[in-house]
Amino acid sequence: MYTVRFFHDSGFTQLMPVMLGKSVDPLGPDPGSSVVKIPEIEYQGEKLRLTTSMILHKQVAVKGIGRIFIMSPNIRLERAERKESGRHLFEFTQADFEMSGAKKDDVFGLLEDYYRGLSEFLAREASEEFEALGIGIFEFKPPFKRYTTHELFDKYGEDWERQASLAHDQPFWAICYKREFYDKEDPKEEGHFLNYDLIYPEGFGEGISGAEREHEFEVIHRKIKRDKLDLSPYATYLKFAKAGLIPSAGAGIGMERLARFLSKSKHISEVTLFRRVPGMPVDI
Ligand code: AMP
Ligand code: MG
């Protein structure tokens with residue numbers, strides 16, 4: 001409720017999710033991804049894939065609308081061992097948003113307002129529930145610290161996400177990951193990227209991923225080839241890119257990960273009614 005109201009109040013138009021797409025997020029190459037396959041169905045002679053994320057649809061939609069958000073269900077068939085991470089589901093929801101013409105600082109500012117307001121909202125509306133859980137309401141205190149992934153790697157080593165998360169008591173931004181083609185490379189610094197994650201403290205780890213986006217056809221095409229992706233699923237997206245995408249930035253807030261962090265739950269399945277956990281059977 002808070003999330004939907006926040007985006008409406010911040011001038012975003014809510015779109016309904018799509019569950020099938022011709023071009024969907026490849027989820028890679030991303031060192032954090034362990035998706036085994038993207039399920040595909042054939043219908044009316046076309047190959048359609050289950051939505052892994054709506055990033056490519058967001059880029060198309062933001063051109064006409066400017067500020068958009070979607071409560072977007074994602075299917076990602078993660079490897080069974082992800083059951084142990086405590087933070088992976090194979091079906092989950094992102095509050096997924098995109099803003100035309102925005103830069104990473106605009107996204108940071110918006111999300112820091114979101115978290116500040118969330119603490120206030122919970123204090124007003126949910127104090128009894130948190131009392132029943134026997135825990136306090138987390139007080140988000142933005143602005144959050146910002147680090148590059150390179151700094152974090154140097155300080156905490158390969159396992160930096162977990163170690164840095166354990167070493168902090170407020171969320172922090174991690175900036176610059178080499179990952180999917182649609183995240184913008186820094187034009188001023190080749191090999192650096194204008195993307196970011198928000199890492200929750202106390203060992204809870206990644207809660208949000210986002211980026212400024214590539215919008216030029218030539219760049220997108222080159223990077224899809226760089227990643228050795230089969231071009232055919234991206235043919236329709238590339239058609240839109242050729243017709244002209246616009247600069248934008250956005251992010252996706254993992255709703256179950258947020259609920260897990262707020263409720264200090266050991267496993268993310270504790271905050272979902274119909275759990276979809278890699279390596280575990282589905283109840284219904
Ligand atoms: P991504 O852009 O792929 O990082 O996804 C956006 C956000 O969705 C992440 O930052 C997480 O909060 C959440 N998320 C991604 N994968 C999962 C998963 N397997 N289970 C639960 N939440 C996830
Ligand atoms: Mg991520």
Side-chain angles (χ1 to χ4, degrees), residues 3 17 24-39 50-59 69-98 104 107-108 111 114-115 118 144 149 152 160-162 165 171-184 193-201 203-213 227 248-263 265-280 282:
T3 301
V24 301
D25 189 341
L27 299 176
D30 178 348
S33 173
S34 82
V35 166
V36 286
K37 65 170 180 187
I38 298 179
L50 289 186
T51 296
T52 44
S53 93
M54 278 182 61
I55 174 59
L56 307 181
H57 294 81
K58 284 199 305 180
Q59 278 193 284
F69 84 101
I70 313 121
M71 299 304 284
S72 175
N74 291 183
I75 300 288
R76 298 186 186 176
L77 306 184
E78 308 261 4
R79 279 203 297 268
E81 57 265 28
R82 284 281 156 111
K83 177 172 105 179
E84 313 300 338
S85 76
R87 60 191 177 117
H88 285 88
L89 297 166
F90 62 82
E91 180 179 345
F92 63 93
T93 303
Q94 292 194 48
D96 206 2
F97 67 93
E98 198 72 17
K104 65 179 180 342
V107 174
F108 292 173
L111 285 170
Y114 170 83
Y115 282 104
L118 178 59
F144 303 136
T149 56
L152 291 164
W160 66 259
E161 185 184 321
R162 193 178 142 67
S165 171
F172 59 89
W173 296 106
I175 303 165
C176 186
Y177 292 81
K178 187 172 186 328
R179 58 189 182 201
E180 292 89 345
F181 66 82
Y182 48 75
D183 281 6
K184 194 171 177 66
F193 299 88
L194 301 173
N195 56 17
Y196 36 82
D197 279 6
L198 187 76
I199 311 292
Y200 294 133
F204 284 88
E206 177 194 337
I208 288 182
S209 287
E212 295 180 26
R213 315 297 182 185
D227 292 347
S248 67
I253 311 169
M255 296 314 289
E256 295 84 356
R257 287 199 184 170
L258 175 58
R260 175 183 178 232
F261 173 66
L262 292 171
S263 61
S265 300
K266 194 163 161 40
H267 200 280
I268 193 166
S269 60
E270 294 167 41
V271 300
T272 62
L273 197 52
F274 302 113
R275 66 164 190 221
R276 272 88 176 93
V277 180
M280 285 179 78
V282 168

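Atoms within each ligand, like the ligands themselves, are counted from 1 in listed order. Numbers for residues simply follow the sequence, beginning at 1. Given the structure is predicted, the values throughout are model-derived calculations rather than measurements.
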For the pair Thr52 (side chain) and Asp25 (backbone), establish whether a donor and an acceptor sit closer than 3.5 Å, ignoring hydrogens and angles. yes
Give me the one residue out of Arg79, Glu81, Glu78 that meets side chain to side chain donor-acceptor pair (under 3.5 Å) with Ser34. Glu78
Between Thr149 (side chain only) and Ala174 (backbone N and O only), is there a donor and an acceptor less than 3.5 Å apart? no
Sorted by chain and residue number, the residues with a non-hydrogen atom under 4.0 Å of ligand 1 are Arg76, Glu78, Arg87, His88, Leu89, Phe92, Gln94, Glu206, Gly207, Ile208, Ser209, Gly252, Gly254, Arg257, Ile268
Could you go step by step and tell me if Arg213 and Ile55 meet the side chain to side chain contact (heavy atoms under 4.5 Å, CB included) rule? CA-CA 10 Å; Arg213 315 297 182 185; Ile55 174 59; 3.4 Å; yes
Are the side chain of Arg87 and the backbone N or O of Arg260 linked by a donor-acceptor pair below 3.5 Å? no
Taking atom types as modelled and ignoring hydrogens, do the side chains of Asp197 and Ser209 form a donor-acceptor contact shorter than 3.5 angstrom? yes
With 2.8 Å as the threshold, which protein atoms of type N, O or S lie near the Mg ion (ligand 2)? Leave waters out. Glu206 OE2, Ser209 OG
Taking atom types as modelled, find out whether Gln94 and Ser72 have a side-chain donor-acceptor pair closer than 3.5 angstrom. no
Whether Trp173 and Tyr196 hold their rings parallel, tilted or perpendicular, with breakpoints at 30° and 60°: perpendicular
Given 3.5 Å as the limit, does a donor-acceptor pair link the side chain of Asn195 with the main chain of Tyr177, or not? yes
